[in-house]
Q: 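Dumping the structure here so I can ask a few things about it.
Start at 1 and go down the list; that is how both ligands and their atoms are numbered. Just so you know, these numbers use all the heavy atoms, side chains as well, and skip hydrogens, waters and symmetry mates.
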Amino acid sequence: MSRATVLKGTGGVWHVRLADGEIRQAAMRGRLKQNEGESLKLAVGDDVEIEGVDGASWAISAILPRRSVLARRAPGTAYGERVVAANIDEVIVVFAAAKPDPHERMLDRFLVIAAANEIPARIVVNKVELVANGAAQARFGEYERIGYPVHYTSVKTRAGLDELRDMLAGRVSALTGPSGVGKSSLLNSIYPGLDLRVGEISESVNKGRHTTVGAEMHPLPNGGYVMDTPGLREVGTWGLDANDLAACFIEFRPFLGECRFGDCRHLVEPDCGVRTAVEQGQISAARYESYSRLLEDLVGQKARG
Ligand code: GDP
Ligand code: ZN
């Protein structure tokens with residue numbers, strides 16, 4: 001029996017990696033398979049035990065306890081949780097200072113998904129050499145103020161790359177963000193020769209097939225993994241409850257107990273702690289705007305079924 005980590009799964013075959021770096025292909029053992037549909041379903045990032053079968057192949061015989069899960073919830077069903085990935089230590093959201101121009105509302109969507117899954121998030125602002133000194137810091141400073149670590153990087157000048165390498169070492173990081181911001185370039189500059197491509201599984205690869213494009217773990221030379229998690233950004237499809245949304249804006253949390261109504265949605269209700277905090281400048285108007293737009297999306301989605 002050996003311990004291994006699940007890197008990816010394709011058509012019932014799971015690629016798992018042993019502690020010494022050896023990669024094997026393994027199938028789920030029947031006994032575990034019966035739990036399908038319930039919470040115990042194998043996911044990328046899982047730590048597992050594998051056993052030899054007839055000296056020829058490998059089978060996954062146990063899933064070890066998870067440190068975290070990134071899960072989509074299907075509203076209204078008891079077992080409606082699909083685990084997208086397990087054991088992510090941190091979500092790293094990458095944006096560019098320019099080209100493409102950063103889109104704060106989209107950033108907020110990524111941060112909400114991380115918060116909803118209780119996974120810490122970190123922000124990387126790449127391509128900083130394209131904007132004036134301090135411009136990126138001014139634009140993203142609000143995120144630092146509310147408690148998110150923000151890193152300013154440039155693949156061109158190598159600014160911030162050493163620090164980012166230290167952040168990735170020894171842990172499982174889910175790297176995400178819009179395409180074209182430099183995710184692959186960052187990884188390839190930090191780990192030359194590794195040829196990592198984040199988000200390389202393009203939709204076209206899977207068009208016409210009924211498999212969902214899954215997450216994939218890339219082992220890093222100095223320990224740890226970078227996980228590629230396609231499709232992270234559509235908050236609505238994660239089945240979030242509208243009533244839980246406000247707490248996913250982490251700086252709203254201290255004010256949530258100050259609303260007159262326990263089920264306050266912080267829109268038009270009187271004596272709302274969140275809106276008071278916005279008026280007093282303790283919550284930024286932009287983040288509040290993100291919140292109300294996202295809430296609208298979630299409520300609209302529910303109404304449409
Ligand atoms: P991904 O889709 O997020 O993986 O983005 P890529 O790594 O493919 O990068 C998209 C484009 O941005 C490529 O043309 C890169 O050469 C370019 N790029 C990446 N990092 C930087 C940077 O720090 N500065 C500038 N100016 N361009 C960059
Ligand atoms: Zn309120």
Side-chain angles (χ1 to χ4, degrees), residues 91-103 106-107 110 123-133 135-137 140 150-165 168 173-192 194-205 213 216 218 226-233 242-249 251-280 282-283 285 287-289 291-292 294-295 299:
V91 170
I92 300 185
V93 191
V94 186
F95 271 78
K99 292 188 180 174
D101 269 339
H103 197 312
M106 196 191 289
L107 169 57
F110 286 114
I123 299 166
V124 171
V125 184
N126 188 38
K127 308 195 189 187
V128 286
E129 93 288 353
L130 290 180
V131 297
N133 250 343
Q137 285 78 356
F140 288 89
V150 184
H151 299 268
Y152 300 93
T153 63
S154 167
V155 171
K156 284 271 151 72
T157 68
R158 302 197 60 85
L161 295 192
D162 291 342
E163 202 185 323
L164 188 57
R165 183 202 283 114
L168 294 171
S173 309
L175 203 65
T176 189
S179 68
V181 297
K183 296 182 295 299
S184 312
S185 307
L186 282 166
L187 290 176
N188 290 321
S189 312
I190 293 174
Y191 308 105
L194 220 56
D195 197 24
L196 285 174
R197 261 161 298 175
V198 171
E200 71 186 298
I201 319 166
S202 70
E203 302 209 358
S204 61
V205 174
V213 182
E216 180 171 351
H218 306 282
V226 164
M227 196 190 283
D228 192 0
T229 45
L232 206 67
R233 85 173 75 143
N243 291 315
D244 297 334
L245 183 64
C248 294
F249 284 74
E251 77 276 32
F252 291 15
R253 289 175 186 171
F255 305 105
L256 296 178
E258 292 172 20
C259 301
R260 187 201 294 181
F261 300 108
D263 60 352
C264 186
R265 288 211 168 157
H266 326 297
L267 295 177
V268 293
E269 296 86 344
D271 296 331
C272 168
V274 170
R275 283 194 300 124
T276 305
V278 176
E279 281 154 22
Q280 295 177 348
Q282 290 159 296
I283 289 175
R287 287 274 291 173
Y288 178 73
E289 174 76 12
Y291 164 77
S292 45
L294 267 178
L295 185 66
V299 172

Q: Taking C-beta and beyond as the side chain, do Arg265 and Leu245 meet within less than 4.5 Å on heavy atoms?
A: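 No, every pair of side-chain atoms sits at 4.5 Å or beyond.
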
Q: With carbon and hydrogen excluded and only N/O/S kept, which atom of His266 is nearest the Zn ion (ligand 2)?
A: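 For His266, the N/O/S atom sitting closest to the Zn ion (ligand 2) is ND1.
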
Q: Check whether more than 12 heavy atoms from other residues, nucleotides or ligands sit under 6.0 Å from atom CG of Asp101, and answer yes or no.
A: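 Above 12, so yes.
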
Q: Could you list the atoms of ligand 1 found under 4.0 angstrom from a heavy atom of Gly182?
A: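 So the atoms of ligand 1 that pass are 1 (P), 3 (O), 5 (O), 6 (P), 7 (O), 9 (O), 19 (C).
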
Q: Could you tell me whether the side chain of Phe261 reaches within less than 4.5 Å of the side chain of Pro270, counting heavy atoms only?
A: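 SC-SC contact between Pro270 and Phe261 confirmed.
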
Q: Under the criterion side chain to side chain contact (heavy atoms under 4.5 Å, CB included), which of Leu168, Thr176, Val226 is the partner of Ile92?
A: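 With Ile92 as partner, Leu168, Thr176, Val226 yield a single side chain to side chain contact (heavy atoms under 4.5 Å, CB included), made by Leu168.
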
Q: Tell me the nearest of Lys99, Lys156, Lys127 to atom 17 (C) of ligand 1, using heavy-atom distances.
A: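 The residue whose heavy atom sits nearest atom 17 (C) of ligand 1 is Lys127.
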
Q: Taking 4.0 angstrom as the limit and counting only heavy atoms of Gly180, give me the atoms of ligand 1 inside it, by number and element.
A: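 This gives 1 (P), 2 (O), 3 (O), 5 (O), 10 (C), 12 (O) as the contact atoms.
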
Q: Would you mind running through ligand 1 and noting each atom that sits below 4.0 Å from a heavy atom of Ser179?
A: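 So the answer, numbered in order with elements, is 2 (O).
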
Q: Please list, in number order, the atoms of ligand 1 under 4.0 Å from a heavy atom of Ser154.
A: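 Near Ser154, meaning under 4.0 Å from one of its heavy atoms, ligand 1 has 23 (O).
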
Q: With atom 4 (O) of ligand 1 as the reference point, say which of Ser184, Ala96, Gly177 has the nearest heavy atom.
A: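 When every heavy atom of Ser184, Ala96, Gly177 is considered, Ser184 comes closest to atom 4 (O) of ligand 1.
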
Q: At less than 4.0 angstrom from any non-hydrogen atom of Leu130, what atoms of ligand 1 do you find?
A: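 Here the atoms of ligand 1 in question are 26 (N).
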
Q: Side-chain contact test, heavy atoms from C-beta onward, threshold under 4.5 Å: evaluate it for Asn126 versus Val181 and give yes or no.
A: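 In short, these two side chains do not touch, never coming nearer than 4.5 Å.
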
Q: Is there a polar contact, in the sense of an N or O pair closer than 3.5 Å, between Asn126 and ligand 1?
A: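 N/O-N/O distance under 3.5 Å: yes.
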
Q: Which pair of heavy atoms, one from Ala96 and one from Pro102, lies closest together, and at what distance?
A: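 Result for this residue pair: O-CD, 3.3 Å.
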
Q: Can you find a heavy atom in the side chain of Leu256 that is under 4.5 Å from one in the side chain of Val274?
A: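 They are in side-chain contact.
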
Q: Can you confirm, on distance only, whether ligand 1 has an N/O atom lying under 3.5 Å from any N/O atom belonging to Thr153?
A: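 Min N/O separation from ligand 1 is not below 3.5 Å for Thr153.
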
